[in-house]
Amino acid sequence: MAYKTINAEKKNSVGVITLDRPDAMNALCEELINEMAEALDGFEADPGVGCIVLTGSEKAFAAGADIKEMQSKSYMDAYLDDFITEGWERVTQCRKPVVAAVAGYALGGGCELAMMCDFIICADNAKFGQPEITLGVTPGAGGSQRLTRFVGKSKSMEMCLTGRMMDADEAERSGLVSRVVPVADLMDDVMKTAAKIASMSLPVAMMVKESVDRAYETTLSEGVRFERRLFHSLFATEDQKEGMAAFAEKRKADWKNR
Ligand code: DAK
């Protein structure tokens, strides 16, 4: 499938979506969001894909929603059309794991998009920020909520109120990203990580994702109860029998995804 604003390709069992609007720092225009949602649909439906990677260029993951596209919208345009909400939320609805590989700028909607992924690995040149206040708006795709959950109130409040950018080291110290790697190694590293995830039993990886996500949506006791129910249910699967047999027999597991 040929897209205009992204590239989507399957590399073995990993689906890779690369945001590709180099002249606009990968600004997230409506067409890009729709194309990204379509590519995600394709990878979600492909049983040969076990993990999805979302990335940009070395200069920019994405410098936010497309300011030039939205600058003249009226309140009614934004409200009645539910301004770009549908495609934007597609990432959060993925059942397969999605890894964000961030180099360069991840600002505004770019930072929000990265935070919608399951985890972020970033390059040492990455810069994260929610500069919407400098444009006369608030974050609009969950930035004030997700950034606060990642880095805590104080840092999130400061960043959202000043538009200050956070560099890669600060992002790692604050828990926004799982790891920082040299920019030249970013894609190699992320592809190895994604391939590792894709080598697991797909339904188990999906349940792990669901379980960790639950930690954000519920109390500790309900989350632990949810995890336990998933854990119990896995004893009905072929992959639990295979995984434990493989350990006992000192061999590699041959997952059936059943
Ligand atoms: N939109 C449109 N064009 C952009 C852009 C953006 N966000 N960011 C950069 N560009 C364009 C520039 O206009 C420039 O285009 P030309 O002038 O060459 O035509 C080109 O990309 C290169 O940018 P610069 O010349 O500015 O490059 P620099 O290296 O000097 O600076 C920069 C890079 C990333 C620091 C700077 O471009 C910048 O500050 N960009 C804007 C960052 C920003 O304010 N982002 C927040 C946007 S608001 C929602 C979902 C999402 C959102 C809201 C609601 N719903 C689901 C409801 C999100 C909102 C936002 O993200």
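We count ligands from 1, going down the list as the structure has it; atoms in each ligand are counted the same way. Here the structure is a predicted model, which means the values were calculated and not measured.
- Taking distance alone, with nitrogen or oxygen atoms compared against 3.5 Å, L107 stays at or beyond that limit from ligand 1.
- Backbone and side-chain nitrogen or oxygen atoms of A65 are examined, and one is located within less than 3.5 angstrom of a nitrogen or oxygen of ligand 1.
- Of the candidates L113, D66, D82, D66 brings a heavy atom nearest to atom 2 (C) of ligand 1.
- When each atom of ligand 1 is checked for a heavy atom of G109 under 4.0 Å away, the hits are 58 (C), 60 (C), 61 (O).
- Close contacts of ligand 1 with G108, meaning ligand atoms under 4.0 Å from a residue heavy atom, involve 46 (C), 61 (O).
- Around atom 14 (C) of ligand 1, the closest heavy atom drawn from M25, K68, Q130 belongs to K68.
- Between V14 and the choices K192, K196, M191, the side chain to side chain contact (heavy atoms under 4.5 Å, CB included) rule is met once, by M191.
- With a heavy-atom cut-off of 4.0 Å, E89 does not touch ligand 1 at all.
- The only member of I120, L147, V151 that meets side chain to side chain contact (heavy atoms under 4.5 Å, CB included) when paired with F128 is I120.
- Using a 4.0 Å cut-off to heavy atoms of P131, the atoms of ligand 1 that qualify are 43 (C), 44 (O), 45 (N), 46 (C).
- Considering only heavy atoms from C-beta on, L19 comes within 4.5 Å of L113 through its side chain.
- Closest to atom 45 (N) of ligand 1 by heavy atom, among C29, A63, C111, is A63.
- With a 4.5 Å cut-off on side-chain heavy atoms, D189 and I121 count as touching.
- Comparing T134, V137, D23 against atom 18 (O) of ligand 1, the shortest heavy-atom distance belongs to D23.
- Ranked by closest heavy atom to atom 4 (C) of ligand 1, the top entry among A24, A60, P22 is A24.
- For ligand 1, the polar-atom distance check finds an N/O of I67 within less than 3.5 Å of one of the ligand's N/O atoms.
- Using a 4.5 Å heavy-atom threshold, the side chains of N7 and I17 count as separate.
- Heavy-atom separations between K59 and ligand 1 are all 4.0 Å or longer.
- Annotation for R90 and D41: closest pair NE-OD1, 2.6 Å, computed over non-hydrogen atoms.
- Side-chain contact between E170 and K155 is present, with heavy atoms from C-beta onward closer than 4.5 Å.
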*Could you walk me through whether K127 and D167 pass the salt bridge (Lys or Arg N to Asp or Glu O under 4.0 Å) test, one step at a time?*
CA-CA 5 Å; K127 287 197 185 312; D167 69 16; 5.9 Å; no
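- For F83 and Y79, the ring centers are positioned 6.0 Å apart or more.
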